[in-house]
Amino acid sequence: MLTRLKAKSEGKLAKQICRVVLDHFDKAYSKELGDSWNTVRDILTSPSLWQHAVLLNRFNCPSELERDLHLKGYHRLFQGSLPCSPQSMKCYLSGTPHRLPSERHRAGNLKQYYLLNAASLLPVLAADLQDGERALDLCAAPGGKSVALLQCAWPGYLHCNEYDSLRLRWLRQTLESFIPQPLRNIITVSELDGREMGDARPETFDKVLVDAPCSNDRSWLFSSDSQKAACRIRQRRNLPVLQVELLRSAIKALRPGGLLVYSTCTLSKAENQDVISEVLNSDSSVVPVDLQGIAELCSPDFTFAPAGPEPGLLVIPDQGRAWGPMYVAKLRKLQRCAEW
């Protein structure tokens, strides 16, 4: 009976796949990923195989929850393996698609955990936020990466920006659900076009995270309206232009010597490596920071696409490690030469 119900459920999910989007991805990603696309495709089109990591909220995490996760077979991600992974950030993974129930938002009560794609923590770890630093999350909604940053350190100031008004409300609710009031006092939430941030707050931040609007491959595959999906595909070619503009704005907002992390949840080379290459080729004030050390230390839990000449890491979904897609690149803004 359970087998029939599972098959029926998986069949229902399969019918929701948008053929227009899948055909587009088949054409593009079979060229970019080669044989790897077959496995990635199987994972992306089978939600029953998707995994959900559990990021504990250090501001309200009972010890019983950790014990329960251990009993369920979860193991801790990054434990002791990464210098940039603080002990205060605790994320647990399961080797199976088991998912804890989502917690409801209750005003005045902090949630105990945040469910997420584990690969989305890599941009946060790459940022390596330290206590007292001034940080900017340029495209912050729904707020998971802002919450994760605050699991790592107590910044001097955190600016969470989101241009979309609906997503902005989601961001505010996420922060209210996970962050205690004393810490929310050092957080600013704004609704500014990210392309204007650099002019509004020049050379202000020690760390900037640009989790850019992108194709969002997992979501797009299950578009319910094929006509809208076709329109999205046509508009997809414009996304790299926006992403480059956001990066240039973020660089302006970054202080000399500061670090910028760029990330997306798409496999698209045009939105990932090509965007970073465009910025590096046109802006001599930034240089890439190598992330291969992170890839080597995280290889037990993540599958990475083969490294090419371009900077950055690409996490691709794999059997038993269904995390990603997630692209991460890191840039450093050079110090100005001393004026004589």
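Quick caveat: nothing in here was measured; it's all calculated off a predicted structure. Hydrogens, waters and symmetry mates are skipped; everything else that's a heavy atom, side chains included, is used.
You'll find the side chain of Leu22 stays beyond 4.5 Å of the side chain of Leu44, heavy atoms only. At a threshold of 4.5 Å between non-hydrogen side-chain atoms, the residues Asp164 and Glu162 count as touching. At a threshold of 4.5 Å between non-hydrogen side-chain atoms, the residues Phe302 and Leu77 count as touching. Contact annotation: the side chain of Val208 never approaches that of Ile251 to less than 4.5 Å [non-hydrogen atoms, C-beta and beyond]. Between Leu136 and Thr204, the closest side-chain pair of non-hydrogen atoms is not below 4.5 Å. Looking at Glu278 and Gln243, their side chains never come closer than 4.5 Å, going by heavy atoms from C-beta outward. The shortest distance between side-chain heavy atoms of Leu122 and Cys298 falls below 4.5 Å. In this structure, Leu259 and Asp128 have side chains that are not in contact, with every pair of non-hydrogen atoms separated by 4.5 Å or more.
Note: the hydrophobic cluster containing Val289 does not contain Val315 (ILVMFWY, side chain heavy atoms under 4.5 Å, direct or indirect links). Under a hydrophobic-cluster definition in which Ile, Leu, Val, Met, Phe, Trp and Tyr are linked whenever side-chain heavy atoms come within less than 4.5 Å, directly or via other members, Ile186 and Leu209 are assigned to the same cluster. Cluster annotation: Tyr74 is not connected to Tyr114 through the hydrophobic network of ILVMFWY side chains, with a link wherever side-chain heavy atoms come within less than 4.5 Å. In this structure, Leu149 is a member of the same hydrophobic cluster as Leu110, with clusters built from ILVMFWY side-chain heavy atoms closer than 4.5 Å. Hydrophobic clustering, with ILVMFWY side chains joined whenever heavy atoms are under 4.5 angstrom apart, groups Ile187 together with Leu171.
Residues Gly198 and Lys252 come closest through the heavy atom pair CA-CB, 3.6 Å. The minimum heavy-atom distance linking Cys214 with Leu239 is given by the pair C-CD1, 3.8 Å. Taking both residues in full, the closest heavy atoms of Trp323 and Asp301 are given as CD1-O, 3.3 Å, listed atom of the first, atom of the second, then distance. Taking all atoms of both residues into account, the shortest heavy-atom contact from Pro123 to Ser263 is CG-CB, 3.5 Å. Residues Tyr157 and Phe205 approach most closely at CE2-CE2, 3.7 Å, considering heavy atoms. Counting all heavy atoms, side chain and backbone alike, Met89 lies closest to Arg76 at O-NH2, 3.2 Å.
Checking Tyr29, Trp220, Tyr327 one by one against Thr266, the side-chain hydrogen bond (donor to acceptor under 3.5 Å, both in side chains) holds for a single residue, Tyr29.
Atom-to-atom distance recorded for Leu221:CG and Asn216:CG is 9.5 Å, nearest 0.5 angstrom. Met326 CE to Leu314 CG: the interatomic distance, rounded to the nearest 0.5 Å, is 10.0 Å. Residue Leu125 holds its CG atom at 6.0 Å from SG of Cys152, rounded to the nearest 0.5 Å. Distance check, rounded to the nearest 0.5 Å: OG of Ser215 to CZ of Arg218 gives 15.0 Å. To the nearest 0.5 Å, atom CG of residue Leu267 and atom CG of residue Asn272 are 8.0 Å apart. For the atom pair CE (Met197) and OH (Tyr163), the distance works out to 12.0 Å, reported to the nearest 0.5 Å.
With hydrogens and angles ignored, the 3.5 Å screen pairs no side-chain donor or acceptor of Arg58 with any backbone N or O of Lys90. Between the side chain of Ser177 and the backbone N or O of Lys111 there is no donor-acceptor pair closer than 3.5 Å. Between the side chain of Arg167 and the backbone N or O of Ala141, at least one donor-acceptor pair lies under 3.5 Å. Side-chain atoms of Glu133 come within 3.5 Å of backbone atoms of Gln130 as a donor-acceptor pair (strictly under, hydrogens ignored). Not a single donor-acceptor pair under 3.5 Å links the side chain of Glu310 to the backbone N or O of Asp274. In this structure a side-chain-to-backbone donor-acceptor pair under 3.5 Å is present from Asn281 to Ser277. Side-chain atoms of Trp50 never come within 3.5 Å of backbone atoms of Pro97 as a donor-acceptor pair (strictly under, hydrogens ignored). Looking only at distances, a side-chain donor or acceptor of Thr174 sits under 3.5 Å from a matching main-chain atom of Trp170. Without hydrogens or angle criteria, Gln16 side chain to Ser224 main chain gives no donor-acceptor distance under 3.5 Å. Listed for the Arg184 side chain is a donor-acceptor partner under 3.5 Å among the backbone atoms of Ile179.
Within a 6.0 Å sphere centred on CG of Asn238, other residues, nucleotides and ligands contribute more than 12 heavy atoms. Within 6.0 Å of the CD atom in Gln181, the count of heavy atoms belonging to other residues, nucleotides or ligands exceeds 12.
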Full working for side-chain contact (heavy atoms from CB on, under 4.5 Å) between His70 and Arg67: CA-CA 5 Å; His70 283 295; Arg67 287 200 296 268; 5.7 Å; no
Pair Arg236-Glu271, salt bridge (Lys or Arg N to Asp or Glu O under 4.0 Å): steps then yes or no: CA-CA 9 Å; Arg236 193 183 196 199; Glu271 298 177 49; 3.3 Å; yes
Pair Gln112-Leu56, side-chain contact (heavy atoms from CB on, under 4.5 Å): steps then yes or no: CA-CA 6 Å; Gln112 297 178 359; Leu56 301 188; over 6 Å; no
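Between Arg255 and Asp206 there is a salt bridge, since a side-chain N of the basic residue sits under 4.0 Å from a carboxylate O of the acidic one. Salt bridge Arg19/Asp23: present, at least one basic N to carboxylate O contact under 4.0 Å.
Between Trp37 and Asp26, the side chains place a donor N or O and an acceptor N or O closer than 3.5 Å (distance only, hydrogens not considered). Residues Arg232 and Gln235 bring no donor and acceptor atom of their side chains to less than 3.5 Å of each other.
Contacts classified as side-chain hydrogen bond (donor to acceptor under 3.5 Å, both in side chains) and involving residues 139-154 (residues at least two apart or in different chains) are given here: Asn57-Gln151, Asp137-Ser146, Lys145-Asp211.
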